Amino acid sequence: MSDKADNNAAGSNGEASAPPSLNILTQYIKDLSFENPGAPKSLGPKEKAPDININVNVNANPMSQTDFDVVLNLTADAKNGDEQLFHIELVYGGIFRVANFPQEHVLPVLFIECPRLLFPFARQIVADATRNGGFPPLMIDPIDFAQMFQQRMAEEQAKAKVEAPKTN
């Protein structure tokens with residue numbers, strides 16, 4: 001019985017295969033910009049809540065065979081009618097070590113799990129910057145990175161189908 005357990009833990013070459021691991025090596029702010037163009041006039045009481053538009057994008061770049069730079073790009077604009085109250089841009093990244101994952105799981109790890117780990121820190125930076133800019137803290141709702149990834153993959157597949165006939 002112990003021979004069977006040992007064989008299950010061994011890879012195809014007879015050596016023990018390491019379990020998949022995901023590690024954050026470092027996190028960093030690459031760019032942070034907060035603009036409050038109407039200050040101090042824009043800081044007064046408002047009759048209604050401002051219109052806030054938030055955009056999120058995720059990118060990943062390999063640094064080595066196992067290390068990847070994953071970057072969250074967050075932008076938010078707050079407007080009261082035509083008046084720009086504030087604009088914030090944050091580029092927040094992390095270096096991740098992604099080891100021993102099957103190749104088909106690497107992209108989902110990079111575009112779902114890594115941004116999921118970065119997001120709470122980026123959210124706090126945005127909240128602190130808006131509060132320090134004189135506004136109530138902007139608390140960005142949780143983001144479904146799995147849905148973003150699926151949508152991105154569907155768009156790329158559709159794009160590939162459209163471009164495929166052009167190359168023939």
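These numbers come from a predicted model, not from an experiment.
- The nearest pair of heavy atoms linking Phe119 to Pro142 is CE2-CA, 4.0 Å.
- Across Ala78 and Pro50, no two heavy atoms sit closer than the pair CB-CB, 4.4 Å.
- Between the side chains of Glu89 and His87, at least one donor-acceptor pair of N or O atoms lies under 3.5 Å.
- A salt bridge does not link Lys159 with Glu156: every distance from a Lys NZ or Arg NE/NH1/NH2 to an Asp or Glu carboxylate oxygen is 4.0 Å or more.
- Here CZ of Arg131 is found 7.5 Å from CD of Gln124. Values are rounded to the nearest 0.5 Å.
- Between the CG atom of Leu90 and the OG1 atom of Thr75 there is a distance of 10.0 Å, given to the nearest 0.5 Å.
- Surrounding CD of Gln65 are at most 12 heavy atoms belonging to other residues, nucleotides or ligands under 6.0 Å away.
- Dense packing is recorded around OH of Tyr28, with more than 12 heavy atoms of other residues, nucleotides or ligands lying under 6.0 Å away.
- Gly94 approaches Phe96 most closely through the heavy-atom pair O-CD1, 3.5 Å.
- Using a 4.0 Å cut-off between charged nitrogen and carboxylate oxygen, Arg97 and Asp67 count as a salt-bridge pair.
- Residue Val70 comes nearest to Ala60 through the heavy atom pair CG2-CB, 4.1 Å, listed as atom of the first residue, atom of the second, then distance.
- Rounded to the nearest 0.5 Å, atoms CZ (Phe121) and CG (Leu72) are 12.0 Å apart.
- Pro108 places a side-chain heavy atom less than 4.5 Å from the side chain of Phe149.
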Fill in: Stepwise side-chain contact (heavy atoms from CB on, under 4.5 Å) test for Leu117 and Leu22
CA-CA 11 Å; Leu117 293 169; Leu22 174 62; 3.9 Å; yes
Practice prompt. Just do the salt bridge (Lys or Arg N to Asp or Glu O under 4.0 Å) check on Arg152 and Glu155 with the steps written out, would you?
Written response: CA-CA 5 Å; Arg152 185 174 186 171; Glu155 288 170 1; over 6 Å; no
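- Taken to the nearest 0.5 Å, the CZ atom of Phe101 stands 9.5 Å off from the CG atom of Leu110.
- At least one donor-acceptor pair closer than 3.5 Å links the side chain of Asn36 to the backbone N or O of Gly133.
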Worksheet entry | Derivation and outcome, side-chain contact (heavy atoms from CB on, under 4.5 Å), residues Ile24 and Thr26 | CA-CA 6 Å; Ile24 302 174; Thr26 190; 6.0 Å; no
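- Relative orientation of the Phe86 and Phe135 rings is tilted, given thresholds of 30° and 60° on the angle between their planes.
- Remark: side-chain polar atoms of Asp144 are paired, donor with acceptor, to backbone N or O of Ala146 under 3.5 angstrom.
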Worksheet item: After noting the C-alpha distance and the side-chain angles of Leu32 and Ile29, does the key distance pass the side-chain contact (heavy atoms from CB on, under 4.5 Å) rule?
Response: CA-CA 7 Å; Leu32 174 61; Ile29 295 174; 3.9 Å; yes
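- Taking both residues in full, the closest heavy atoms of Met148 and Asn57 are given as CE-CA, 4.5 Å, listed atom of the first, atom of the second, then distance.
- Considering CD1 of Ile143 and CD1 of Ile54, their distance stands at 7.5 Å, rounded to 0.5 Å.
- Although no hydrogens or angles enter the test, the distance criterion places no donor-acceptor pair under 3.5 Å between the side chain of Asn80 and the main chain of Glu83.
- By the 6.0 Å contact criterion, CD on Glu104 is enclosed, its count of non-hydrogen atoms from other residues, nucleotides or ligands being greater than 12.
- In this structure, Val71 and Val58 have side chains that are not in contact, with every pair of non-hydrogen atoms separated by 4.5 Å or more.
- Closest approach of Pro136 and Thr130 over heavy atoms only: O-OG1, 3.7 Å.
- No donor-acceptor pair under 3.5 Å is formed between the side chain of Thr66 and the backbone N or O of Ala99.
- Within the model, atoms CD of Gln27 and OH of Tyr92 stand 3.5 Å from one another, a figure rounded to the nearest 0.5 Å.
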